[in-house]
Amino acid sequence: MKKNNFVRTAEHLPENMPFKKNDIVTYVRYENSEITARDILMLDSIEADGTIKARASIITTESWDTLKVGTEQASRMWEQGSKLRYALNYEIRAMLIALAKKCGI
């Protein structure tokens, strides 16, 4: 496992995750060693059952411009074998551009 890549491998969540509220993280889901979902999330909380709640999210499998806001719309169930990590520069930039478009800037 690479540094700051946290993989859910069992019924329990990984320990010692450094993520806190308002961090921008990326949730990556794999099937057959291929990425099937990459969601950029402005983290709100991670529940004990594996639900990742976000204040805002970009669902990149739909479009890099699709922004969803609100914890009900922007939540993901952390599935077994999926990774959570800090967002990369280009992912943060995509979120900022989507937020700017949402605000009409």
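Bear in mind that the values here come from a model prediction, so they are computed numbers and not experimental data.
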Evaluate the side-chain contact (heavy atoms from CB on, under 4.5 Å) criterion for residues Ile24 and Met95: first the C-alpha distance (whole Å), next the side-chain angles of each, then the deciding distance (0.1 Å), finally the verdict. CA-CA 9 Å; Ile24 299 177; Met95 176 165 270; 4.1 Å; yes
Side chains of Thr51 and Arg76, heavy atoms from C-beta outward: is any pair under 4.5 Å? no
For a 4.5 angstrom cut-off between non-hydrogen side-chain atoms, does Thr26 reach Asp39? no
Residues in salt bridge (charged side-chain N to carboxylate O under 4.0 Å, His left out) with Glu79, at least two apart? Arg29
Using atom types as modelled and distance alone, determine if a side-chain donor or acceptor of Gln80 lies under 3.5 Å from a backbone N or O of Thr9. yes
Where the side chain of Glu91 meets the backbone of Leu88, is there a donor-acceptor pair that is under 3.5 Å apart? yes
Hey, what do you get for [atom1] ([X]) to [atom2] ([Y]), rounding to the nearest 0.5 Å?
{"X": "Met17", "Y": "Leu43", "atom1": "CE", "atom2": "CG", "result": "9.0 Å"}
{"X": "Phe6", "Y": "Leu13", "atom1": "CZ", "atom2": "CG", "result": "11.5 Å"}
{"X": "Ile46", "Y": "Arg8", "atom1": "CD1", "atom2": "CZ", "result": "10.5 Å"}
{"X": "Ile58", "Y": "Leu41", "atom1": "CD1", "atom2": "CG", "result": "9.5 Å"}
{"X": "Ser57", "Y": "Ile52", "atom1": "OG", "atom2": "CD1", "result": "11.0 Å"}

So, Tyr27 and Ser82: side-chain donor and acceptor under 3.5 Å apart, yes or no? yes
Using the ring-ring contact (aromatic ring centres under 6.0 Å, His included) criterion, which residues pair with Tyr30? Sequence neighbours excluded. none
Step through the shown structure and confirm whether more than 12 heavy atoms of other residues, nucleotides or ligands are within 6.0 Å of CG on Asn22. yes
Qualifying residues under side chain to side chain contact (heavy atoms under 4.5 Å, CB included), relative to Ser45, sequence neighbours excluded: Glu47, Lys53
